[in-house]
Amino acid sequence: MPHRTHPFSTLTPAFIMDAVENQGFACDCRTLALNSYENRVYQVGIEDGEPLIAKFYRPGRWTDEQIVEEHDFCTELATHELPVVAPWRNGTGQSLFHHGGFRFALYPRQGGRAPEFDNLDNLLVLGRMLGRMHRIGAVRSFAHRPTLDSQSFGHESVVLIRDRFIPPELQESYTAVTRMLLEAVDAILAEAGPVRFLRTHGDCHAGNILWRDDAPHFVDFDDARMAPAVQDLWMMLSGDRPRKLAQLDSLLEGYLEFNDFDPRELRLIEPLRALRVLHYSAWLARRWEDPIFPATFPWFNTPRYWNDQIIELREQVAALAEPPLELP
């Protein structure tokens, strides 16, 4: 059973407002919880000013150095006039704050809607923005934040799920399909050879991009890490092969206006998708003692979920054997 006294239960409206007011703001007593699972995020009303977004980090996930490195990357991008939502900094340049045992950051509120990835004109614009972002991301490497790799996203995820969550009657099937999947992933990564790793957003799905005034605004760099450039592109591709090719063509048309792209990275799309599927299940498993997870994802860790997961993993094994997408 999930623990009812999870650390996030400390985050009452009074606690949140105290944290914000300690940074010199006057709250107007309005707090609104926003959709967020890994961390906790609130809109906080400010007297005589625009509301702020207060992000309280999950205890124990990142070190202070890793969070500051994420903040510095966002600020670096914003300094180059890229449309990212960077954290607020106080008069001494500090962006990470502590209150009552929590680390937190403050952000300006950014409105917008999810982008339409079916719109090829939108993908052209997103490609331009990512080309610019990656040009800056390649200037230096992260010193503290992790690298996306098969070991942490794939192998460690499988061990956790296999040993603690898979029902006994599905153990054999899960073990067999994940072995095939990871063998194929590791083989493809080896065959691709050395590709450039750079600082990326790391989690470029529609929920982390806000479309406003005909332009995208990138938010939530919480998963920023060293990764191939294609990690920030492949989640925008969907549908059958002709549709993906059309989407890829628009993305890269914009991307190549500002940056080079190594076509070998296209071979990494399906391995990266496979690793994300494995990592997502493990993420839910690792967070299952947080009460918000059973309430939000009640279908997780049921026999039906694991049956469906095994089917999805088998389909991903087949996808890995298909020819990769190619540039026109």
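All values below were derived from every heavy atom in this structure, side-chain atoms included, with hydrogens, water molecules and symmetry-related copies excluded. On a predicted model such as this, the values are computed, not experimentally measured, just so you know.
Across Leu160 and Phe165, no two heavy atoms sit closer than the pair O-CD1, 3.9 Å. Minimum heavy-atom separation, Leu268 to Pro228: CD1-CG, 4.0 Å. Gly254 and Leu124 get closest at one heavy-atom pair: N-CD1, 3.5 Å. Residue Ser95 comes nearest to His71 through the heavy atom pair OG-ND1, 2.7 Å, listed as atom of the first residue, atom of the second, then distance. Of all non-hydrogen atoms in Pro108 and Ala86, the two that sit nearest each other are CD-O, 3.5 Å. Residues Lys244 and Glu270 approach most closely at NZ-OE2, 4.1 Å, considering heavy atoms.
Put simply, the residue from Glu38, Arg103, Arg40, Gln66 that forms a side-chain contact (heavy atoms from CB on, under 4.5 Å) with Tyr57 is Arg103. Phe218 pairs with exactly one of Leu130, Asn208, Leu77 by the side-chain contact (heavy atoms from CB on, under 4.5 Å) rule, that one being Leu130.
For CD of Glu169, the number of neighbouring non-hydrogen atoms (other residues, nucleotides, ligands) closer than 6.0 Å is greater than 12. Under a cut-off of 6.0 angstrom, the local environment of CG in Asp240 is crowded, with over 12 non-hydrogen atoms contributed by other residues, nucleotides or ligands. Heavy atoms of other residues, nucleotides or ligands lying less than 6.0 angstrom from CG of Asn22 number more than 12. By the 6.0 Å contact criterion, CG on Asp163 is enclosed, its count of non-hydrogen atoms from other residues, nucleotides or ligands being greater than 12. Heavy-atom contacts from other residues, nucleotides or ligands closer than 6.0 Å to CZ of Arg304 number 12 or fewer. Within 6.0 Å of the CZ atom in Arg58, the count of heavy atoms belonging to other residues, nucleotides or ligands exceeds 12. Sparse packing is recorded around CZ of Arg164, with 12 or fewer heavy atoms of other residues, nucleotides or ligands lying under 6.0 Å away.
Between Asp232 and Arg132 there is no salt bridge, since none of the side-chain N atoms of the basic residue sits less than 4.0 Å from a carboxylate O of the acidic one. Classification of Glu322 and Arg241 as a salt-bridged pair fails, no side-chain N sitting under 4.0 Å from a carboxylate O. Residues Asp72 and Arg89 are paired through a salt bridge, judged by an N-O separation under 4.0 Å between the basic side chain and the carboxylate. A salt bridge links Arg276 with Asp203: the distance from a Lys NZ or Arg NE/NH1/NH2 to an Asp or Glu carboxylate oxygen falls below 4.0 Å.
To the nearest 0.5 Å, atoms CG (Leu96) and CD (Glu69) are separated by 13.0 Å. Put simply, CG on Leu256 and CG on Leu327 are 7.5 Å apart, with the number rounded to the nearest 0.5 Å. Rounding to the nearest 0.5 Å gives a distance of 4.5 Å between NE2 of His155 and CG of Leu182. Note that CD of Glu50 is 5.5 Å distant from CZ of Arg109, once rounded to the nearest 0.5 Å. The distance from atom CZ of Phe197 to atom CE of Met226, rounded to the nearest 0.5 Å, is 8.0 Å. Note: Asp121 CG to Asp118 CG = 12.5 Å, rounded to the nearest 0.5 Å.
Note on ring orientation: taking the six-membered ring where Trp is involved, the planes of Trp306 and Tyr174 are perpendicular (angle over 60°, cut-offs 30° and 60°).
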May I have the step-by-step check of side chain to side chain contact (heavy atoms under 4.5 Å, CB included) for Trp88 and Phe97, ending in yes or no? CA-CA 11 Å; Trp88 173 81; Phe97 311 106; 3.5 Å; yes
Verdict with supporting geometry, Glu326 and Leu248, side chain to side chain contact (heavy atoms under 4.5 Å, CB included): CA-CA 9 Å; Glu326 297 178 346; Leu248 179 64; over 6 Å; no
For Asp149 and Ser152, run side-chain hydrogen bond (donor to acceptor under 3.5 Å, both in side chains): C-alpha distance rounded to whole Å, both residues' side-chain angles, the deciding distance at 0.1 Å, then the answer. CA-CA 6 Å; Asp149 59 27; Ser152 60; 2.6 Å; yes
Please test Leu106 against Val44 for side chain to side chain contact (heavy atoms under 4.5 Å, CB included), starting from the C-alpha separation and ending with a verdict. CA-CA 10 Å; Leu106 300 174; Val44 182; over 6 Å; no
Dump the intermediate steps for side chain to side chain contact (heavy atoms under 4.5 Å, CB included) on Leu284 and Trp299, then the final yes or no. CA-CA 11 Å; Leu284 292 173; Trp299 36 261; 4.0 Å; yes
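Between Phe56 and Phe8, the ring centre distance reaches or exceeds 6.0 Å. For His134 and Phe261, the ring centers sit 6.0 Å or farther from each other. For an aromatic pair to be called close, the ring centres must be under 6.0 Å apart, and Trp283 with Phe300 fails this. Between Tyr37 and Phe297, the gap from one ring centroid to the other is short of 6.0 Å. In this structure, Trp288 has its ring center at least 6.0 angstrom away from the ring center of Phe293. Checked against the 6.0 Å centroid criterion, the rings of His99 and Phe15 qualify as a close aromatic pair.
Within the 3.5 Å criterion, the main-chain N or O of Pro146 finds no donor-acceptor partner in the side chain of Arg225.
In this structure, the side chains of Val230 and Val195 stay at 4.5 Å or more apart for every pair of heavy atoms.
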